[in-house]
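In what follows, a structure is listed as structure tokens, so that the remarks can point back to it.
Ligands are counted one by one from 1 in listed order, and the atoms in each one are counted from 1 as well. The basis for the numbers below is simple: all heavy atoms, side chains too, and nothing from hydrogens, waters or symmetry mates. Keep in mind the model is a prediction, meaning the values are calculated, not measured.
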Amino acid sequence: MSSNNYEIPHIIVALDYNKENKALDMAKILDPSLCILKVGLELYVSCGPKIVNALHKLGYKIFLDLKFHDIKNTVIKSSLVAADLGVWMINVHSSGGVEMMSGVANTIKENNYSTLVTGVTVLTSLDNDDIKTIGYSNNTKDQVMKMAALCYDSGLNGIVCSAHEVKNIKNEIKDNFICVCPGIRRTEDNKDDQKRIMTPAMAANNGADYIVVGRPITNSKNPLKSLIKIKKEFNNTL
Ligand code: C5P
């Protein structure tokens with residue numbers, strides 16, 4: 001095992017809870033040297049900024065996954081408030097458009113925040129049939145590529161996509177452009193509502209920079225053990 005790789009927290013654990021105490025209990029079971037934590041809509045709507053502060057106090061970096069999707073002015077102002085919480089990463093929906101995304105990227109930089117901004121391309125819970133239903137003519141791969149290019153042109157730090165699309169993106173966009181990949185499942189895991197899933201090892205092989213894992217860790221009997229196992233699979237240190 002390369003202890004170096006093992007120490008880099010490239011796993012983002014999704015704390016999808018509706019109560020502060022449940023999120024904090026899980027954060028105390030896990031370890032900030034092994035993972036970053038993701039605060040998403042459910043937890044943030046329930047607890048607000050205080051949950052971010054509490055998780056920071058436990059030593060965690062936070063990905064605030066609120067997937068902003070609104071008019072430019074609203075998203076820029078909300079992003080500034082989010083960055084001011086000191087979070088490591090925030091995200092916006094790329095379908096909000098280039099002006100909105102570049103507005104956020106520029107404002108974050110102009111105000112000297114180090115918060116990374118990523119763009120959600122196509123949710124990992126959607127497949128080719130789903131995106132046809134909502135009116136996209138592309139398949140998921142092409143649509144993700146198109147949105148990734150818009151995110152890159154807007155000056156974002158990277159994207160959220162499934163691990164299936166990462167190879168294409170890394171081939172097309174050579175810069176240091178981060179690919180954050182949810183929809184991670186080991187072969188024995190339940191898919192839940194995810195559709196474009198991949199194993200940690202295959203995600204790493206395709207070039208994913210970060211993987212987001214929720215239920216396979218938080219619903220497991222031993223979350224810390226599951227985190228370590230997934231991390232070893234992702235870092236190829238099994
Ligand atoms: O439990 P599971 O591993 O499916 O959790 C995945 C997490 O990643 C959820 O919190 C979900 O909101 C988030 N996410 C996602 N697909 C995206 C962006 C974020 O599943 N495109």
Side-chain angles (χ1 to χ4, degrees), residues 10-19 22-23 26-27 30 35-47 51-52 55 60 62-69 82 87-96 101 116-128 130-131 134 136 140-141 143-148 150-151 156-166 169 178-203 206 208-221 223 226-227 229-231 233-234:
H10 282 172
I11 310 274
I12 303 172
V13 179
L15 289 186
D16 291 323
Y17 293 110
N18 60 2
K19 291 272 185 313
K22 290 186 196 168
M26 183 53 65
L30 302 174
C35 65
I36 291 166
L37 294 180
K38 185 173 86 64
V39 173
L41 287 168
E42 185 184 5
L43 187 58
Y44 197 77
V45 168
S46 158
C47 304
I51 189 66
V52 173
L55 294 169
Y60 285 99
I62 303 297
F63 171 19
L64 188 59
D65 175 28
L66 300 181
K67 300 185 182 70
F68 293 139
H69 190 183
V87 294
W88 165 74
M89 180 183 279
I90 58 172
N91 59 357
V92 301
H93 258 288
S94 56
S95 50
M101 291 195 284
L116 299 169
V117 186
T118 50
V120 178
T121 53
V122 176
L123 295 169
T124 45
S125 53
L126 303 178
D127 62 15
N128 285 331
D130 297 317
I131 71 165
I134 52 175
Y136 290 121
T140 49
K141 248 189 189 141
Q143 189 61 28
V144 168
M145 198 60 240
K146 182 176 178 175
M147 300 317 252
L150 294 182
C151 292
L156 298 195
N157 302 102
I159 53 166
V160 183
C161 63
S162 94
H164 290 271
E165 295 99 30
V166 173
I169 289 155
I178 301 167
C179 291
V180 178
C181 301
I184 299 299
R185 292 293 184 273
R186 292 195 318 269
T187 42
E188 69 268 26
D189 289 336
N190 187 340
K191 272 175 88 169
D192 303 300
D193 54 345
Q194 296 285 13
K195 291 188 182 164
R196 300 192 336 273
I197 58 167
M198 200 172 257
T199 65
M202 285 166 76
N206 281 358
D209 298 290
Y210 296 91
I211 52 173
V212 177
V213 190
R215 289 160 287 187
I217 290 176
T218 56
N219 286 352
S220 76
K221 277 192 195 130
S226 300
L227 166 63
K229 193 168 178 210
I230 288 176
K231 195 169 171 63
E233 282 179 33
F234 187 58

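For P216, every heavy-atom contact with ligand 1 shorter than 4.0 Å involves the side chain, none the backbone.
The protein heavy atom nearest to atom 20 (O) of ligand 1 is Q194 NE2, 2.8 Å. Considering only non-hydrogen protein atoms, atom 16 (N) of ligand 1 sits nearest to T124 OG1, 2.9 Å. Shortest contact from atom 19 (C) of ligand 1 to any protein heavy atom: K67 NZ, 3.2 Å. Nearest to atom 9 (C) of ligand 1 among the protein's heavy atoms is D16 OD2, 3.4 Å. Annotation: atom 17 (C) of ligand 1 to nearest protein heavy atom, P182 CG, 3.5 Å.
Distance check, rounded to the nearest 0.5 Å: CE of M198 to CG of N206 gives 4.5 Å. Note: I131 CD1 to T140 OG1 = 5.5 Å, rounded to the nearest 0.5 Å. Between atom CD1 of residue I169 and atom CE of residue M147 there is a gap of 12.0 Å, rounded to the nearest 0.5 Å. Interatomic distance, C151 SG to K146 NZ, rounded to the nearest 0.5 Å: 12.5 Å. D189 CG to Q194 CD: the interatomic distance, rounded to the nearest 0.5 Å, is 11.5 Å.
Close approach to D65 involves these atoms of ligand 1, each under 4.0 Å from a residue heavy atom: 12 (O), 13 (C), 19 (C). For ligand 1, the atoms sitting less than 4.0 Å from at least one non-hydrogen atom of A14 are 7 (C), 10 (O), numbered in the order shown with element in parentheses. Residue V160 has at least one heavy-atom neighbour below 4.0 Å for each of these atoms of ligand 1: 18 (C), 21 (N). Within ligand 1, the atoms closer than 4.0 Å to a non-hydrogen atom of V212 are 7 (C), 8 (O), numbered from 1 in the order shown.
Polar contact check, R215 against ligand 1: a nitrogen or oxygen pair lies under 3.5 Å apart. Taking any N or O of G214, backbone or side chain, at least one lies under 3.5 Å from an N or O belonging to ligand 1.
Using a distance-only test at 3.5 Å, with no hydrogens or angles considered, a donor-acceptor pair links the side chain of R185 to the main chain of N190. Of the possible donor and acceptor atoms, none in the side chain of S226 sits under 3.5 Å from a partner among the backbone N and O of I217. In this structure, H69 contributes its side chain and V92 its backbone to no donor-acceptor pair below 3.5 Å.
In summary, R196 and D130 do not engage in a salt bridge, as defined by a charged side-chain N under 4.0 Å from a carboxylate O.
The heavy atom nearest to atom 13 (C) of ligand 1, out of those in K38, K191, R185, E42, is found in K38.
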